[in-house]
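A quick write-up on the structure given underneath.
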Amino acid sequence: AISEVTAKPGKKTEADAEKLRQSVRDSAIKKVIEDTKAHYGGEMTRRDEQQIRSRLTADADRAIGRVLTDHNIRQAEIEAEKRDALAKANTAQDRRQVDLDYERKKQESAIELHETITATVEQFVAASQETAIEAVETRQDERKRNSVEDSARDHLRGFCRTIPSFLMAYGDSETRLENFDRIIPDAVFKEVTSITLDQFRALRDGYDYVDENGETQHFPGNLFDPVVFDDSVREFMRLRLNLANYFDENSEEDIFDYIPPQRTNQIFTPKKVVRQMVDLLEQENPGCFDDPDKTFADLYMKSGLYIAEIVTRLYRSPRMRALFPDRNDRLAHIFAHQVYGLAPTEIIYRIATNFILGFDQDARITKHNFKLCDALPYAKDGTLADRIGEIFGE
């Protein structure tokens, strides 16, 4: 559908635009809803689905409409410029050259439209996941039940989605259900799950409570199957280790494919989008990954994928290989002098650094420039640029 809309620049029709919108509805929106239904199961009602579909359809129409409107404006500008140029042309040869020049501009505009629409759709899909999660969980809050067991299970469902994030940040080969509550700080646990470690222990081990008649009752807990929980932890840690080498050109996966979206700010940018971002960076700064003195920063890290992709480009650079033939020397230089990052929370800091440095099983990277610091307040008050040197100790 994208190619249909951009195939004939200057001849856009409402039918073409509708084909693109319909394609997004039939593929992107459908996929987001299917993934959300698969995650929430029976908790996502038909009404929820209808509301999400309606909201995402409106969002998609607005996003695509803005792109097409901007493109049509540009096409009209090109036509106006062409008419002016033709009016000034004195010979047939001059007029032919004008025709050629403006046909090239229209083709370039069509290519730009194709790229913009592709990026817009990808950004829409990434944002739609968060929108769908927010919509379903808002509806869940509205339907919140009052019984003790149902309330406990509501906590459990939210907690289970956070387990991979905790394992990425704090887990190791010895992590089990019985010690899970001892590897994570209470404040971090509550920030991510909205429940305390004591509440988690209650879900796991049971607790006494007073019912509406004033009688003491016992909730047995046992909401986790220790065998299933421990096996799942071992499998995740195995995947984390196997996918740690992000320098592997043949690998299409990363560990974040196995970490579901969260209600907090742990929404990770897909690897494909990260690579496109770094491609654009290189296009705008040719040779930037061949210069050992160039520095790169992500001042609001989430997964660490962006920094990892930059490290990969620097590591693979032929000139960097020539300057630092030894692999370990090259990596030591990159991490000590070229890449910088800030993470807003402790868990995100640990997730990002565990991912970025996870390939280094021998712990040869002794110096890096990744800090736990929420840059947002400094960015808002305009002092971030002044604080960078202080933050990184330079």
Side-chain angles (χ1 to χ4, degrees), residues 1-30 54-128 131 269-270 272-291 294 296-297 299 306 309-310 313 317 379 382 385:
I2 291 175
S3 61
E4 290 175 0
V5 173
T6 60
K8 298 179 180 179
K11 297 182 180 180
K12 301 295 173 290
T13 66
E14 187 57 31
D16 289 333
E18 184 56 32
K19 286 181 181 178
L20 177 58
R21 294 186 181 98
Q22 191 61 48
S23 175
V24 174
R25 296 184 195 115
D26 292 343
S27 57
I29 294 177
K30 181 180 179 181
S54 176
R55 178 175 174 181
L56 294 184
T57 298
D59 289 347
D61 289 350
R62 281 194 296 272
I64 293 170
R66 283 195 295 268
V67 174
L68 292 176
T69 298
D70 290 344
H71 173 72
N72 289 334
I73 291 172
R74 178 55 184 154
Q75 291 291 94
E77 291 173 346
I78 291 174
E79 290 294 337
E81 292 169 3
K82 179 181 178 180
R83 287 194 297 271
D84 291 343
L86 285 172
K88 296 175 182 178
N90 297 319
T91 66
Q93 181 176 354
D94 290 342
R95 287 190 289 274
R96 283 195 297 272
Q97 186 60 48
V98 169
D99 287 336
L100 290 173
D101 289 344
Y102 282 89
E103 184 61 26
R104 175 180 53 78
K105 287 188 177 183
K106 290 168 70 175
Q107 293 297 331
E108 290 173 349
S109 178
I111 292 172
E112 181 181 356
L113 172 63
H114 187 286
E115 294 173 345
T116 303
I117 287 178
T118 300
T120 298
V121 171
E122 289 175 345
Q123 292 167 3
F124 166 78
V125 171
S128 295
T131 299
T269 305
K272 181 180 179 181
V273 177
V274 169
R275 286 177 173 171
Q276 290 175 341
M277 292 165 60
V278 179
D279 286 342
L280 289 172
L281 176 65
E282 190 169 16
Q283 289 172 19
E284 295 175 1
N285 301 272
C288 62
F289 297 119
D290 299 321
D291 187 343
K294 287 285 187 185
F296 306 83
L299 300 182
Y306 181 71
E309 184 64 22
I310 288 175
R313 304 288 177 101
S317 160

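Just so it is clear, the structure is predicted and the values come from calculations on it, not from any experiment. Position 1 is the first residue of the sequence, and the numbers go up from there. The figures that follow rest on heavy atoms only: side chains count, while hydrogens, waters and symmetry mates do not.
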### Query
Sequence neighbours excluded, which residues qualify as side chain to side chain donor-acceptor pair (under 3.5 Å) partners of Glu115?
none

### Message
My understanding is that only residues two or more places apart in sequence, or in another chain, count here; which of them pass side chain to side chain donor-acceptor pair (under 3.5 Å) with Asn285?
### Response
none

### Partners passing ring-ring contact (aromatic ring centres under 6.0 Å, His included) against Phe289 (at least two apart in sequence or in another chain)
Phe296

#### Entry: Step-by-step side-chain contact (heavy atoms from CB on, under 4.5 Å) determination, Leu280 to Gln283
CA-CA 5 Å; Leu280 289 172; Gln283 289 172 19; 3.8 Å; yes

### Query
Of Arg104, Arg74, Gln75, which meets side-chain hydrogen bond (donor to acceptor under 3.5 Å, both in side chains) against Ser109?
Gln75

### Query
Taking side chain as C-beta onward, heavy atoms only, is Glu81 less than 4.5 Å from Asp84?
no

### Message
So, using salt bridge (charged side-chain N to carboxylate O under 4.0 Å, His left out) as the criterion, who are the partners of Lys272 when residues are at least two apart?
### Response
Glu122

### Task
Evaluate whether atom NZ of Lys82 has more than 12 neighbouring non-hydrogen atoms of other residues, nucleotides or ligands under 6.0 angstrom away.
yes

### Query
Where is the tightest heavy-atom contact between Thr269 and Met277, given as atom of each residue plus distance?
CG2-SD, 4.4 Å

### Message
Once salt bridge (charged side-chain N to carboxylate O under 4.0 Å, His left out) is applied, do any residues pair with Asp59, and if so which ones, sequence neighbours excluded?
### Response
Arg62

### Shortest non-hydrogen contact between Asp290 and Ser317, atoms and distance
OD1-OG, 2.6 Å

### Task
Enter the distance from Arg55:CZ to Ile29:CD1 here, rounded to the nearest 0.5 Å.
12.0 Å

### Message
Tell me every residue that passes side-chain contact (heavy atoms from CB on, under 4.5 Å) with Thr116, counting only those two or more places apart in sequence or in another chain.
### Response
Val67, Glu112, Thr120

### Message
Minimum heavy-atom separation for Ala85 and Val98, please, with both atom names.
### Response
CB-CG1, 3.8 Å

### Message
According to side-chain contact (heavy atoms from CB on, under 4.5 Å), who are the partners of Ser54, at least two apart in sequence or on a separate chain?
### Response
none

### Query
Does any donor atom in the side chain of Gln97 or Asp101 lie under 3.5 Å from an acceptor atom in the other side chain?
yes

#### Entry: CG on Asp61 to CG on Leu56, rounded to 0.5 Å
11.0 Å

#### Entry: Set of ring-ring contact (aromatic ring centres under 6.0 Å, His included) partners for Tyr102, sequence neighbours left out
none

### Task
Check side-chain contact (heavy atoms from CB on, under 4.5 Å) between Arg275 and all other residues, then give those that pass, not counting sequence neighbours.
Glu252, Lys271, Glu309, Arg313

### Query
Residues two or more places apart in sequence or in another chain: which of them pass side chain to side chain donor-acceptor pair (under 3.5 Å) with Asp70?
none

#### Entry: Any residue meeting side-chain contact (heavy atoms from CB on, under 4.5 Å) with Glu284, in chain and number order, not counting sequence neighbours
none

### Pairing residues for Asp291 by the side chain to side chain donor-acceptor pair (under 3.5 Å) criterion, not counting sequence neighbours
none

